[in-house]
Structures are given as C-alpha cells and as structure tokens.
Amino acid sequence: MIKGLKICGVSDPKTLNYILNHNFKPTMIGFITNYENSKRFVEFEKLKDLINVDKKQVDFVSVLVSPDDLILEKIKNLDFDYYQLYDVNPQRTKEIKLKFNIKIITALTISSKDDVIKYKDYSEISDIILFDSKGYHKSKSFDHNLLDDVPSELHKMIAGNIQINDIPNLKYKDFIVDLSGALEDRNGKKDINKIDKLLNLFERT
C-alpha cells in the first residue's frame, strides 16, 4: 500500500492554503528552496512568509540542490520537517543532519541499476530515500522497474513524471509518491482542480 503522498513545488499562498484545508491532505508538501533554475523556486523572503502557517500536521520539506552553508544557515529557523537533498554525498549529508538536527530525504537521480544501489551509501544516514529521474525540475520519467530489488523495509519515495492517473496502479507499492509537474497547468502554475483530483483519488487508493 502507498505509504504517503508528497506534493512538491508549491510556491503561492492560495495553493498552499487549499491543500492544507482539503479534506484529504497529503503527507508532505515540498518547497524549492535554492534551485533557481526551477520555475517552482521560492525566494527566501517569500518562502519565510509562505510557510508561516498552521501546517495541519502536514510535513514541510525544503528541497535543496547542493546546498552550501550560507543557504542552510539562512533557512535553519524556518519550520521545515525535512531537508530533501540532491547532489550531496553521504558525509556531507550526515554533517547537515547532525548540525541542523533535521530529518533528511536523500534524492537519487536514476537511469540505471548502478544509480539505484547508491541508496546503500545513505540508508544508515537518511530518513527517506527518494528515487527520482535525471530531469530535476523538468519532470522526466525513469523505469520504475529498476526499483524492484530495493528492500521493502527501506523508507522510500518515488518521483519522476508520475501522473495523477498512475496512482491506482501504484497502490500496492510500499513507498511515498511525489508529484509536481502533473499538478500544473500549461503555464507551469499549480492547478487546484488537478490537486483536488489527486487528493480525492489518493484517499480512495
């Protein structure tokens, strides 16, 4: 059974408020914190105001690509439950986790089995392993069958251009499902109708 649902790339108060007040809330909401190439990037001052809300027991995730100490010090007092780290080696991941006393989602970008087995380097450090595509902000896919040998006891998440209608096909999978691009309109803005459809579908799955 699916372990949870993460909606990533939320960047405006209206969308965030809608999600937090929905009858069927996701497990997590992700915010792009330092990756300016993404259309979903939220500048620090805006981010600070955006997440200063009643989280309604939803975990907030700061999505970070190769974060330096400057950005980590800047966001350390914001109310995040997890840091989701891309392109961060195991030693640096451990340093961040201990220094900032924060739970960690390690994001691995996948195109082959060799990419998948890197989870072993992080399994004792990270709280969740995210298997994502090489597309970063471009919502590309990868072959999810590459994950078939990942042990069931690993706390894991899957992303990579997952669509709303894929949710029923994933209901017997033991991971958290992460969606972003599938919830956007043609202009790259989060679509409330698509989010509503996802949350209602997830609740029934």
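Hydrogens, waters and symmetry mates play no part in the numbers below; they use all other heavy atoms, side chains included.
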Hey, what do you get for [atom1] ([X]) to [atom2] ([Y]), rounding to the nearest 0.5 Å?
X	Y	atom1	atom2	value
Ser62	Asp79	OG	CG	12.0 Å
Lys118	Asn89	NZ	CG	11.5 Å
Ser11	Ile32	OG	CD1	9.0 Å

With no hydrogens and no angle check, is any side-chain donor or acceptor of [X] less than 3.5 Å from a backbone partner on [Y]?
X	Y	value
Lys6	Pro26	no
Asn187	Lys189	no
Thr15	Val10	no
Asn193	Asp196	no
Asp115	Ser111	yes
Lys156	Pro151	yes
Arg92	Pro67	yes
Gln163	Asp166	no

Salt-bridge criterion met for Lys194 and Asp185 (N-O under 4.0 Å):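 Answer for the salt bridge query: no.
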His155-Asp127 side chain donor-acceptor pair, cut-off 3.5 Å: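 Distance-only check fails for His155 and Asp127.
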Greater than 12 external heavy atoms within 6.0 Å of Asn101's CG: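 12 or below, so no.
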Atom NZ of Lys94 with >12 non-hydrogen neighbours under 6.0 angstrom: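 Count not over threshold, so no.
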Note, [X] side chain near [Y] side chain (heavy atom, < 4.5 Å):
X	Y	result
Thr109	Phe142	no
Asp121	Thr106	no
Leu64	Ile75	yes
Lys103	Tyr82	yes

Suppose we screen for ring-ring contact (aromatic ring centres under 6.0 Å, His included). Which residues come up paired with Phe60, at least two apart in sequence or across chains?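 ring-ring contact (aromatic ring centres under 6.0 Å, His included) check on Phe60 returns Phe31.
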Phe100: ring-ring contact (aromatic ring centres under 6.0 Å, His included) partners, not counting sequence neighbours: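 Here no residue qualifies.
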Once you measure the plane-to-plane angle for His22 and Tyr18, does it fall in the parallel (<30°), tilted (30-60°) or perpendicular (>60°) bin?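 Rings of His22 and Tyr18: perpendicular, over 60°.
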If the test is side chain to side chain contact (heavy atoms under 4.5 Å, CB included), which one of Leu179, Val58, Ile19 qualifies with Ile7?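 Option passing the side chain to side chain contact (heavy atoms under 4.5 Å, CB included) with Ile7: Ile19.
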